[in-house]
J.: 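I am attaching a structure below and will ask some questions about it afterwards.
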Amino acid sequence: MSALFTPLRVGALELANRIVIAPMCQYSAVNGCMTDWHLIHLGHLALSGAALLTIEATAVLPEARITYADVGLWNEATEAAIARTLESIRRWSDMRVAIQLAHAGRKASTEVPWKGGVQIPPDHAKGWQTVAPSAIPFRDGEHPPVALDRSGLIRVRAAFVAAAQRAARLGIDAVQLHGAHGYLLHQFLSPLSNRRDDEYGGSLENRIRFPLEVFDAVRAAFPADRAVTMRVSGTDWVDGGWDIDQTIVFAQALETRGCAAIHVSSGGLTPSQQIPVGPSYQVPLARAVKRATRMKAPDQYLRSQPRQYPDLFDIGH
Ligand SMILES: Cc1cc2nc3c(=O)[nH]c(=O)nc-3n(C[C@H](O)[C@H](O)[C@H](O)COP(=O)(O)O)c2cc1C
């Protein structure tokens with residue numbers, strides 16, 4: 001039998017197979033609230049036989065949304081809308097459900113993709129002022145973000161925590177923090193978007209500080225028996241940007257803090273990226289992170305490797 005259909009443990013989360021449905025933004029919410037579309041979309045995925053269904057990038061604050069139509073989890077109304085959707089799904093599916101919690105930072109306040117996806121400036125009814133580590137826009141000529149000050153950082157971190165607490169109340173099995181694709185946490189990681197001169201910018205140690213603080217706060221707030229994971233971009237695909245060596249340092253720091261898994265993607269930070277798209281082009285990035293960490297198989301289960309496949313778990317020791 002293919003390894004794809006064998007069980008996997010992610011932290012304390014037992015998955016029936018290795019098929020995980022990646023988060024997919026639908027841009028179909030109203031004031032952050034899921035709609036019937038989400039029940040249709042998530043509902044049919046929940047019948048697919050995958051082990052885990054990840055709810056799309058879900059904004060922890062209104063200004064954290066990529067577009068005005070993103071799903072959110074920042075108040076009673078947004079929580080109740082997810083609760084309604086999950087209640088219906090759970091009636092027909094026992095699939096495990098994760099949620100990706102996100103803040104779009106300087107990539108917030110844009111039009112939905114099928115209407116062009118361009119930035120909507122703050123003086124427009126459907127736009128707002130964006131925030132970021134530094135006041136550098138995603139594209140030249142865009143309205144720049146405001147650099148987060150200390151109280152802004154505390155507010156963002158608290159919003160991630162509050163959303164994780166709501167996710168726990170909703171019975172969601174795992175939280176994935178969105179540290180990839182050029183959104184806020186990735187903006188802190190990359191030297192191209194983070195030009196801060198305080199303890200959150202400059203050295204690698206400083207650039208990973210805020211994402212790690214958010215991870216720690218969410219890990220502490222979410223029930224200990226449920227997984228918290230992180231999605232990362234393994235590289236910016238730009239010289240002088242975030243790269244796989246820095247990703248490995250970040251992944252190892254996450255591992256020591258109890259991160260249950262790292263979901264390795266890439267790119268999204270800058271329009272000047274040069275992505276060598278092709279079949280499996282991201283696999284070497286994931287393999288490098290996997291080799292440098294041990295978080296995917298608990299020690300207790302290592303003896304389950306068949307004799308003829310002693311490196312099945314590929315954890316580099
Ligand atoms: C419609 C759509 C929406 C997406 N939304 C998200 C998202 O909310 N969060 C995220 O991390 N990735 C998002 N992605 C990227 C996917 O999670 C996934 O990485 C991508 O489709 C590549 O799939 P693969 O990894 O199976 O090749 C989205 C992709 C699509 C097609």
Side-chain angles (χ1 to χ4, degrees), residues 23-34 55-75 77-78 81 99-149 151-164 166 176-190 192-196 200 210-211 214 218 230-233 236 242 265 267-271 273:
M24 285 178 278
C25 282
Q26 298 300 296
Y27 309 107
S28 301
V30 175
N31 295 324
C33 294
M34 282 190 174
I55 295 173
E56 67 190 81
T58 298
V60 299
L61 289 166
E63 66 268 28
R65 292 173 295 172
I66 304 166
T67 77
Y68 51 84
D70 285 24
V71 168
L73 185 51
W74 63 72
N75 61 11
T78 51
I99 190 167
Q100 185 183 53
L101 296 181
H103 192 309
R106 69 179 187 173
K107 287 177 76 175
S109 189
T110 65
E111 188 44 277
V112 297
W114 55 86
K115 291 185 182 170
V118 296
Q119 188 191 49
I120 302 180
D123 56 1
H124 188 281
K126 287 182 170 175
W128 58 88
Q129 175 61 56
T130 61
V131 296
S134 303
I136 308 167
F138 176 65
R139 279 195 180 81
D140 290 344
E142 282 184 348
H143 185 88
V146 169
L148 284 161
D149 61 13
S151 67
L153 293 178
I154 291 169
R155 176 176 145 80
V156 169
R157 196 179 57 203
F160 271 99
V161 166
R166 291 182 187 280
Q176 179 180 81
L177 297 176
H178 201 344
H181 301 166
Y183 296 115
L184 184 74
L185 299 182
H186 185 180
Q187 290 160 28
F188 273 88
L189 298 174
S190 175
L192 302 176
S193 46
N194 182 347
R195 302 279 172 78
R196 298 175 74 95
Y200 294 102
F210 185 64
V214 170
V218 167
M230 176 82 76
R231 193 167 200 190
V232 298
S233 281
D236 287 341
W242 180 252
S265 188
L269 188 94
T270 161
Q273 63 191 7

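As the structure is a computational prediction, the values presented were derived from the model and not from experiment.
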J.: Counting distance only, does the side-chain N/O of R106 pair as donor-acceptor with the main-chain N or O of P137 below 3.5 Å?
T.: yes
J.: For the side chain to side chain contact (heavy atoms under 4.5 Å, CB included) test, which of M34, M24, Q26 pairs with I55?
T.: M34
J.: Between atom NE2 of H178 and atom CZ of F160, what is the distance when rounded to the nearest 0.5 Å?
T.: 9.5 Å
J.: Working to the nearest 0.5 Å, report the span between NE2 of H124 and OH of Y68.
T.: 9.0 Å
J.: Any donor and acceptor pair, going by atom type alone, linking the side chain of E63 with main-chain N or O of G105 inside 3.5 Å?
T.: no
J.: How close do A163 and V60 get, heavy atom to heavy atom, and via which atoms?
T.: CB-CG1, 3.8 Å
J.: Quick check for you: to the nearest 0.5 Å, what is the distance between L61 atom CG and L73 atom CG?
T.: 10.5 Å
J.: Backbone N or O of W128 within a donor-acceptor pair of the S109 side chain at under 3.5 Å?
T.: yes
J.: Can you give me the closest heavy-atom contact between G179 and L185, atom names plus distance?
T.: CA-CB, 3.9 Å
J.: Tell me yes or no: between the side chains of D123 and H143, is some donor less than 3.5 Å from an acceptor?
T.: no
J.: Say whether, by atom type as modelled, one donor and one acceptor occur between the side chain of T58 and the main chain of V71 under 3.5 angstrom.
T.: no
J.: Drop me the distance from L153's CG to L184's CG, to the nearest 0.5 angstrom.
T.: 8.5 Å
J.: Test your reading of the model: is there a side-chain donor-acceptor pair from N75 to the backbone of A77, 3.5 Å cut-off?
T.: yes
J.: What's the shortest heavy-atom distance between G268 and Q273, and which atoms?
T.: N-OE1, 2.7 Å
J.: Do S233 and L269 make a side-chain contact, defined as non-hydrogen atoms from C-beta onward lying under 4.5 Å apart?
T.: no
J.: Is the backbone of W74 close enough, under 3.5 Å, to the side chain of T78 for a donor and an acceptor to pair up by distance?
T.: yes
J.: Taking the inter-plane angle between the rings of F188 and F210 on a 0 to 90° scale, is it parallel (under 30°), tilted (30 to 60°) or perpendicular (over 60°)?
T.: tilted
J.: Could you check whether any side-chain N or O of R196 sits under 3.5 Å from a backbone N or O of A147, counting only pairs where one atom can act as donor and the other as acceptor?
T.: no
J.: Heavy atoms only: give me the nearest A57-P23 pair and the separation to one decimal.
T.: N-CB, 4.2 Å
J.: Side chain of D236, backbone of T270: donor and acceptor closer than 3.5 Å?
T.: no
J.: Is it true that, when you exclude D149 itself, more than 12 heavy atoms of the residues, nucleotides or ligands shown sit nearer than 6.0 Å to its CG?
T.: yes
J.: So does Q119 get a backbone contact from the side chain of E111, meaning a donor-acceptor N/O pair under 3.5 Å?
T.: no
J.: Hey, what do you get for NE2 (H103) to OG1 (T130), rounding to the nearest 0.5 Å?
T.: 9.0 Å
J.: Give a yes or no on whether the backbone of A69 and the side-chain of T67 come within a donor-acceptor separation of less than 3.5 Å.
T.: yes
J.: Hey, could you give me the NE2/SG distance between H181 and C25, rounded to the nearest 0.5 Å?
T.: 10.0 Å
J.: Can you see which heavy atom on L189 is nearest to which on W242, and at what distance?
T.: O-CE3, 3.3 Å
J.: Looking at every non-hydrogen atom in both residues, tell me the closest pair between M230 and Q176 and how far apart they are.
T.: C-CG, 4.2 Å
